[in-house]
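First the structure, in the form of structure tokens, and then the observations on it.
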Amino acid sequence: MEKTNTKTRVFSGVQPTGNLHLGNYLGAITRFVALQAEHDCLYCVVDLHAITVFQDPDELAHNTREVTAAFIAAGIDPENHIVFNQSQVSGHAELAWIFNCVARIGWLNRMTQFKEKAGKDRENASAGLYVYPNLMAADILLYHATHVPVGEDQKQHLELARDIAQKFNNDFAATIARAGFADGFFPLPEPLITGPATRVMSLRDGTRKMSKSEESDMTRINMTDDADAIAKKIKKARTDPEPLPSEVKGLEARPEADNLVGIFAALAETDKESVLRNFGNASFSSFKQALADLTTSKIVPIGAEMKKLLAEPSHIDRVLERGAARAHAIADPILDKTKEIVGFIR
Ligand code: AQP
């Protein structure tokens with residue numbers, strides 16, 4: 001196996017759990033698109049993660065194709081980069097098992113996402129939901145990926161992936177050295193959490209994350225929303241009675257205003273300062289109109305392209321199958337070496 005951990009490689013994933021939204025787009029997918037220019041990228045539809053919460057099988061298949069369509073419609077190039085669904089590459093699950101045995105229960109107990117998702121009924125959460133971060137570490141490290149673009153909510157999981165890589169490198173230092181890897185086997189992956197919209201908040205509550213699973217559709221802009229739905233949701237978005245401030249400091253303690261300005265900045269590919277230079281002291285009604293127009297101009301064409309792609313599911317399935325074959329070609333030698341390092345007879 002070539003030593004791959006000195007090169008940069010980008011890996012990230014999106015769960016096919018329905019209601020793909022503006023937060024997924026701005027926090028993750030637009031970053032995925034931008035990174036293609038300078039890196040080798042793998043973008044994965046993480047269906048193994050999705051089933052940590054029960055998914056209707058027919059909906060799961062549809063949602064897997066829908067996320068793939070969103071990737072392509074947003075500008076991810078599945079020819080020059082790799083787009084695939086996680087369950088077609090069995091190495092994710094195999095490496096996750098090894099990492100289940102490397103990660104400590106104390107580490108998992110600190111994961112805030114598990115606490116939020118399991119809620120009060122923790123005893124009834126799936127075991128998969130609990131070890132979700134170990135699978136995420138496997139997703140990244142199976143490819144010796146060095147950079148991982150994610151939204152702010154995934155920062156803690158990325159730190160855990162680094163801890164797992166470090167502990168594996170320490171625990172197996174002797175066999176890793178014997179295999180010819182002087183600086184450790186797994187690279188410590190860097191999170192890439194950048195831009196003005198790393199945490200897009202609910203349109204109805206600026207203290208809660210915009211989320212796929214939130215019951216009310218009015219809390220989020222879906223990637224498949226039409227212009228009318230977008231206009232209605234933004235018009236009804238919660239705000240406060242003050243006009244917009246002219247400086248970013250004035251957004252402190254105004255979570256709803258801060259969120260809408262952040263969304264505008266991200267869609268316009270600028271920063272909050274420059275948005276407030278144009279809209280400082282404006283009323284929310286005029287700002288919301290401009291935001292609805294901008295959101296429509298960016299999202300509606302992507303939604304239309306997604307629909308076109310989804311009309312030909314066999315084409316999407318072929319993209320995923322080809323992507324999985326190419327992902328295997330990178331993963332298999334890394335997994336094989338991992339097994340040798342652990343002491344498995346192959
Ligand atoms: N609100 C958000 N703002 C910015 N980035 C976000 N991401 C998710 N929500 C926001 C980023 O999108 C990528 C894919 O997320 P995911 O589908 O794998 O998982 P998720 O975080 O569970 O998505 P949701 O919408 O929050 O689902 P539920 O409702 O199940 O909790 C990740 O990079 C994530 O950071």
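- A distance of 4.0 Å separates NZ in Lys288 from OG1 in Thr239, rounded to the nearest 0.5 Å.
- To the nearest 0.5 Å, the span separating CG on Asp153 from OG1 on Thr198 amounts to 9.0 Å.
- Residues Tyr130 and Ile164 fall within the same hydrophobic cluster, defined by Ile, Leu, Val, Met, Phe, Trp and Tyr side chains chained together at heavy-atom separations under 4.5 Å.
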Determine whether His92 and Tyr143 satisfy the following criterion, ring pair (Phe, Tyr, Trp, His ring centres under 6.0 Å), listing intermediate values before the conclusion.
CA-CA 10 Å; His92 289 257; Tyr143 302 96; 5.5 Å; yes
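- Residues Tyr132 and Leu60 do not share a hydrophobic cluster, defined by chaining ILVMFWY side chains whose heavy atoms lie under 4.5 Å apart.
- With His157 as the fixed residue, the side-chain hydrogen bond (donor to acceptor under 3.5 Å, both in side chains) test singles out one of Glu159, Gln154, Lys155: Gln154.
- Comment: Asp163 does not engage Arg104 in a salt bridge, judged by the lack of any side-chain N to carboxylate O separation of less than 4.0 angstrom.
- The residues Glu190 and Arg162 are annotated as salt-bridged, a charged nitrogen and a carboxylate oxygen being separated by less than 4.0 angstrom.
- The same ILVMFWY cluster, assembled from side-chain heavy atoms under 4.5 Å apart, contains both Leu42 and Val89.
- Within the 3.5 Å criterion, the main-chain N or O of Ala96 finds no donor-acceptor partner in the side chain of Asn134.
- The existence of a salt bridge linking Glu214 and Lys209 is excluded, since no basic side-chain nitrogen approaches an acidic carboxylate oxygen closer than 4.0 Å.
- In this structure, Ile76 CD1 and Ile29 CD1 are separated by 6.5 Å, a value rounded to the nearest 0.5 Å.
- Here the closest heavy-atom approach between residue Leu251 and residue Pro245 is recorded as CD2-CG, 3.8 Å.
- Within 6.0 Å of CD on Gln113 lie more than 12 heavy atoms contributed by other residues, nucleotides or ligands.
- A donor-acceptor pair under 3.5 Å is absent between the side-chain atoms of Asn281 and the main chain of Ser246, judged by distance alone.
- Side-chain N or O atoms of His49 include none that pairs as donor or acceptor with a backbone N or O of Pro16 at under 3.5 Å.
- In this structure, the side chain of Lys233 engages the main chain of Asp217 through a donor-acceptor pair within 3.5 Å.
- Side chain of Gln156 to backbone of Thr112: a donor-acceptor contact under 3.5 angstrom is found.
- No more than 12 heavy-atom neighbours from other residues, nucleotides or ligands sit within 6.0 angstrom of NZ on Lys308.
- No continuous path of hydrophobic side-chain contacts links Val102 to Leu188 [ILVMFWY only; heavy atoms under 4.5 Å].
- Judged purely by atom type and a 3.5 angstrom limit, Arg322 has no side-chain atom pairing as donor or acceptor with the backbone of Glu79.
- The residue from Asn222, Ile221, Thr30, Val14 that alone fulfils the side-chain contact (heavy atoms from CB on, under 4.5 Å) condition with Tyr25 is Thr30.
- Comment: Arg220 does not engage Asp225 in a salt bridge, judged by the lack of any side-chain N to carboxylate O separation of less than 4.0 angstrom.
- Paired with Leu260 under the rule side-chain contact (heavy atoms from CB on, under 4.5 Å), one option of Leu203, Ile234, Leu244, Val275 passes, and it is Leu203.
- A donor-acceptor contact closer than 3.5 angstrom is absent between the side chains of Asn80 and Gln36.
- At a cut-off of 3.5 Å, with distance as the only test, no side-chain donor of Thr8 or His147 sits close to an acceptor on the other residue.
- With Ser126 contributing its side chain and Val53 its backbone, the two residues share no donor-acceptor pair below 3.5 Å.
- Residues passing the salt bridge (Lys or Arg N to Asp or Glu O under 4.0 Å) test with Lys212, sequence neighbours excluded: none.
- Legend: side-chain hydrogen bond (donor to acceptor under 3.5 Å, both in side chains) pairs involving residues 57-71, not counting sequence neighbours, sorted by first then second residue: Arg65-Asp317.
- Around the CD atom of Glu273, the shell of radius 6.0 Å holds more than 12 heavy atoms that belong to other residues, nucleotides or ligands.
- Listed here is the closest heavy atom pair of Leu26 and Arg31: O-CD, 3.8 Å.
- Look at Arg318 and Glu321 and you find no salt bridge, because none of the NZ, NE, NH1 or NH2 atoms lies under 4.0 Å from a carboxylate O.
- His328 places a side-chain N or O within 3.5 Å of a backbone atom of Gln88 that can act as its donor or acceptor partner.
- Phe99 and Phe186 have perpendicular rings, their planes meeting at more than 60° on a 0 to 90° scale where under 30° would count as parallel.
- Side chain of Ser87 to main chain of Asp47: no donor-acceptor pair is present (N/O by atom type, distance under 3.5 Å, no hydrogens or angles).
- A side-chain donor-acceptor contact under 3.5 Å links Thr175 to the backbone of Ile341.
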